[in-house]
Amino acid sequence: MFIKINIFINSYYTLIIDLVDKAVVAFSGGLDTTVVVKYLQEKYNLDVITVTIDVGQNENYEKIKAKAISLGVKNHYTINCKEEFVKNFIFPSIKANSLYQKKYCLATALARPLIANKLTNIAKKENANFVAHGCSGKGNDQVRFDIALQSESSLSIIAPIRDLNLNREKEIDFAKKHGVEIEKIAKKFSIDQNLWGRSIEGGSLEDPYNEPGDEVFSWVTKCFPDRPTYIEIEFENGIPVSVNNQFRNEPIQLIEYINEKAGSHGIGIVDHIEDRIIGMKSREIYENPAAVCLIDAHFDLEKMVQTSHEIRFKSAVDEEWSRLVYSGLWNDPLRKDLDMFINSTQRNVTGLVKIKMYKGNLRVVGRKCENSLYNKDMITYGDNSVFDQTMSLGFIKLWGMQTTEANKLQKNV
Ligand code: ARG
């Protein structure tokens, strides 16, 4: 795309400058975003600036940069956002016990608004009018990117894969024609990963009856150690602050450590039939060992310190939070309002949770905290109980009053 600028000098001369407009592209180095770069250059005549956001996907960022440069981009940025991702996205999701449809820890969904925000910043810095992504028109990420980008800027969004109705075959064909190398695994599955989880879809997994083969997994092993591992996770106001007394002020390493430990015990695989935002059902495989451990441990601690009323109401809020974030509405004011409620519920979520990992199983086996509502003196079956059991008699009469009355009327008791 060219912009023509006519600068009037005098009645004889007009300086005409052709400026090539720029597009900022979220670039992972994979098939989709590689094709996007080429498309923008070849079909849209745009100068391309690539941006790779490090949210803990553990890629070779130098290799990605080299790939971008080999595609002829004008500039490439690698931005390390791991800490921001953990503090501003993963931690709030732990406080919300966030599992979409009770299964998916939202790893991909949480990273999208962060990536969109960084793209917007680079576009401003580079004076670009376009922003592009490699999402298809079938998935959730197009919704998340577009809404986040539109909430933050008035950039024009280009999504070639969606807009040109491309499919993997056409993309591979296009890549080959332009001499672009495609890695083997990229042909088999579509993979997205970051610190919070790894998601694998497509290929043989599209048949929901097919069990995923070993080649699908890379974080979770099936060769378990013969001895269990125990970890103790310490929370402060709903946030994990140490594991086995280590990683204080090192939230990235804390999550990496649990991913590694739990993964090595075969924990964290999720095989999920998921309702996408745009209505389709999809089959998703996830590996998210740390998410499984931390959410389980966090919820366990909440149950120690919150009243049953708080727990019940919060679970509805948690579900709504997950639904909003999954469905691309991170920027909706409601999400911020829910966060205020959720943060308020975390005032006593401070304590220690002990987890046992063994042969693919994860179990909370101990918990300890100062502000617990758990009262051993009351619940004990021993003769030192301080609870007067005779009080229950009156309670049961009142509690069941309407139920028993209704039955009496119906059955003429
Ligand atoms: N279904 C998940 C989501 O929408 C993960 C998608 C990840 N993409 C992938 N190509 N594997 O958030």
Side-chain angles (χ1 to χ4, degrees), residues 26-36 52-53 55-59 85 89-90 92-93 96 98-116 133-148 159-162 166-168 171-172 182-206 208 210 212-213 215-220 268-288 291-292 295 319 321-331 335:
F27 188 68
S28 69
L31 172 65
D32 295 334
T33 56
T34 299
V35 166
V36 168
T52 303
I53 309 292
V55 276
Q57 60 270 47
N58 259 335
E59 295 281 355
F85 185 46
F89 295 85
I90 294 179
S93 82
S98 190
L99 290 175
Y100 175 68
Q101 297 191 316
K102 304 201 181 344
K103 288 270 195 175
Y104 168 41
C105 73
L106 299 178
T108 301
L110 288 165
R112 296 319 188 199
L114 170 62
I115 296 171
H133 57 70
C135 304
S136 80
K138 288 185 177 174
N140 297 318
D141 287 335
Q142 52 165 346
V143 183
R144 297 170 185 147
F145 272 133
D146 284 14
I147 296 176
I161 314 271
R162 172 182 66 196
L166 299 181
N167 58 34
R168 288 188 82 73
E171 285 181 51
I172 290 169
I182 302 299
E183 281 174 34
K184 250 188 174 177
I185 188 84
K187 290 180 195 158
K188 270 191 172 173
F189 304 109
S190 167
I191 297 170
D192 182 68
Q193 69 178 38
N194 61 45
L195 194 58
W196 202 224
R198 182 167 183 267
S199 128
I200 313 101
E201 55 184 2
S204 56
L205 303 171
E206 282 175 1
N210 276 351
E215 76 279 15
V216 167
F217 303 108
S218 79
W219 288 14
V220 180
I269 292 178
V270 173
D271 188 330
H272 181 215
I273 298 299
E274 184 168 300
D275 284 295
R276 287 192 183 163
I277 310 165
I278 60 166
M280 284 176 214
K281 284 193 187 289
S282 67
R283 194 274 186 94
E284 310 274 336
I285 305 293
Y286 298 110
E287 293 181 280
N288 43 24
V292 166
I295 292 170
E319 200 178 322
W321 195 96
S322 305
R323 200 190 60 82
L324 278 176
V325 174
Y326 180 83
S327 56
L329 301 177
W330 175 266
N331 289 299
R335 201 265 311 157

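Order of listing sets the numbers, starting from 1, for every ligand and every atom in it. Position 1 is the first residue of the sequence, and the numbers go up from there. Only this structure's heavy atoms are used, side chains among them; waters, hydrogens and symmetry mates stay out.
- A donor-acceptor pair shorter than 3.5 Å cannot be found between the side chains of Asp32 and His133.
- Given atom 1 (N) of ligand 1, the protein heavy atom at minimum distance is Glu274 OE2, 2.8 Å.
- Contact analysis puts Tyr104 in contact with ligand 1, with a non-hydrogen atom separation below 4.0 angstrom.
- For the residue pair Thr108 and Asp192, a side-chain donor N or O sits within less than 3.5 Å of a side-chain acceptor on the partner.
- Using a 4.0 Å cut-off to heavy atoms of Asn140, the atoms of ligand 1 that qualify are 3 (C), 4 (O).
- Ionic pairing of Asp271 and Arg283 is present here: one or more N-O contacts between side-chain nitrogen and carboxylate oxygen are shorter than 4.0 angstrom.
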- Message: Apply ring-ring contact (aromatic ring centres under 6.0 Å, His included) to residues Phe85 and Trp196 and explain how you reach the verdict.
- Response: CA-CA 9 Å; Phe85 185 46; Trp196 202 224; 8.2 Å; no

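- Counting heavy atoms closer than 4.0 Å to ligand 1, residue Asp192 contributes atoms from both its backbone and its side chain.
- Listed by atom number, the atoms of ligand 1 under 4.0 Å from Glu284 heavy atoms are 1 (N), 2 (C), 5 (C).
- Glu284 CD: more than 12 foreign heavy atoms inside a 6.0 Å radius.
- Ranking protein heavy atoms by distance to atom 8 (N) of ligand 1, first place goes to Glu201 OE2, 3.4 Å.
- Within the 4.0 Å heavy-atom cutoff, Arg144 counts among the residues contacting ligand 1.
- For a threshold of 3.5 Å applied to N or O pairs, the pair formed by Thr108 and ligand 1 contains no separation below that value.
- Ring pair Trp330/Trp321 is perpendicular by interplanar angle, where above 60° counts as perpendicular and below 30° as parallel.
- Protein heavy atom in closest approach to atom 5 (C) of ligand 1: Ser199 OG, 3.5 Å.
- Side-chain contact annotation: Glu274 with Tyr326, donor-acceptor N/O pair under 3.5 Å present.
- Between Glu201 and Arg276, at least one side-chain N (NZ, or NE/NH1/NH2) sits under 4.0 Å from a carboxylate O, which counts as a salt bridge.
- Less than 4.0 angstrom separates some heavy atom of Tyr286 from each of these atoms of ligand 1: 1 (N), 2 (C), 5 (C).
- Of all protein heavy atoms, the one lying nearest to atom 10 (N) of ligand 1 is Ser190 OG, 2.5 Å.
- Neither the backbone nor the side chain of Arg283 comes within contact range of ligand 1; no heavy atom lies under 4.0 Å.
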